[in-house]
Amino acid sequence: MSPTDEMKRAAGVAAARRVESGMVVGLGTGSTAIHAVAHLGERLKSGELRDIRGVPTSYQATVLARELKIPLVTLDEIERIDLAIDGADEVAPDLTLIKGGGAAQTREKIIAALADDFTVVVDEAKLVDRLGSRYPVPVEVLPFAEAPVARAIRRLGGEPTLRMGVKKAGPVVTDQGNLLIDVHFESIPDPARLERELKCIPGALENGIFVGMARRVLVASLVDGAPTVREVNRPQ
Ligand code: 5RP
């Protein structure tokens, strides 16, 4: 395992340890969140945890949870989620996030919004001073509306790029059958405003700016070569 993977694993495991028997748990997407799902599966298998129900944020999370025999529920069956665990692409000091590196931000935001506790797991490379400094803002878009959405994004000052598949010809298609536009902004002085403006574009679905949602971030770093996790709580 690479040092980065060690950190991701440490953060994921630390979050999965917070899960208690009987909880409804949001299962995140990406290379960090899958460690949380994997550790949940181990705890269930060993009998340390009982009566867990998972709500997956993506096809990736669904497949892994099924493999690990984590019982799944849909949003028709529950009203709230006790704890949602997910990764992020950028974390600002006020715990505003950019998400969607795995093209799953639409379901991820729905599940985070239903969670009493939305806990984010990252390695320290995800911490930024200003949102948007390294990662573009992903916007899910109806294929029918790709061109007008891209034009509207340009009018907001963003530079849109259609996300292309890897080992798949053509664009990335989301779990909902839509396309994904990654938007580079020179700066994002007001993330909440930009989140709203992007949402107001007809044909644009959810975007990857998460404001005021994360209750805490578990940040893994290497201290003397050993992965160590610290907790950063949202400023009150
Ligand atoms: C998926 C996400 C991921 O949580 C985010 O991209 C972080 O992924 P990773 O842990 O692989 O770096 O938002 O849509």
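In each ligand, atom 1 is the first atom listed, and ligand 1 is the first ligand listed. Just the heavy atoms: all of them, side chains too, but no hydrogens, waters or symmetry mates, feed the values below.
Taking the charged nitrogens against the carboxylate oxygens, Glu195 and Lys199 have no contact shorter than 4.0 Å, which rules out a salt bridge. Using a 4.0 Å cut-off between a side-chain N of Lys or Arg and a carboxylate O of Asp or Glu, Arg234 and Asp94 do not qualify as a salt bridge.
Closer than 4.0 angstrom to ligand 1 lie heavy atoms from Lys8, Thr29, Gly30, Ser31, Thr32, Asp86, Gly87, Ala88, Asp89, Lys99, Gly100, Gly101, Gly102, Ala103, Ala104, Glu108, Lys126.
Note on residues 127-138: no pairs pass salt bridge (Lys or Arg N to Asp or Glu O under 4.0 Å), not counting sequence neighbours. Applying the salt bridge (Lys or Arg N to Asp or Glu O under 4.0 Å) test to every pair with at least one member in residues 50-70, sequence neighbours left out, gives no pairs at all.
Under 3.5 Å, the side chains of Ser221 and Thr228 contain no donor-acceptor pair of N or O atoms.
The other members of the hydrophobic cluster of Val91, by chain and number, are Leu95, Leu97, Phe118, Val120, Val122, Leu127, Phe210, Met213, Val217, Val219, Val232 (side-chain heavy atoms under 4.5 Å, ILVMFWY only).
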